[in-house]
Amino acid sequence: MIYQLEIDDRDEMGKAVLAFIRQMAATNKAIKPPVALNKPDLTERPFGTMKGSFKLAPDFNEPLDDLKDYM
């Protein structure tokens, strides 16, 4: 049976799990060592990727017609 795990190695628990798997792979040839997936870091997004995707109406700050009875 083959399992694929995604482990975040940026914290201590992830580093410990990876070290354990590497140790098990070194002693047991049936276990393959972990391989990095090379995913981009989602916390570092470039600025301006959605620029021009949204447009505000000219009367954006005007009161809504639906709420005139309450004003």
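Just so you know, these numbers come straight off a predicted model, no measurement behind them.
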Roughly how far, to the nearest 0.5 Å, is CD1 of I7 from CD1 of I21? 4.0 Å

Here the gap from K15 atom NZ to D8 atom CG, rounded to the nearest 0.5 Å, amounts to 10.0 Å

Is there a chain of hydrophobic side chains (I, L, V, M, F, W, Y, each step under 4.5 Å between heavy atoms) that links I31 to F20? yes

Among residues two or more places apart or on two chains, list those pairs meeting salt bridge (Lys or Arg N to Asp or Glu O under 4.0 Å) that have a residue in residues 46-66. D65-K68

CG/L18 to CE/M13 distance, rounded to the nearest 0.5 angstrom? 12.0 Å

Over all atoms of both residues, closest heavy-atom pair of K32 and A25: C-CB, 4.0 Å

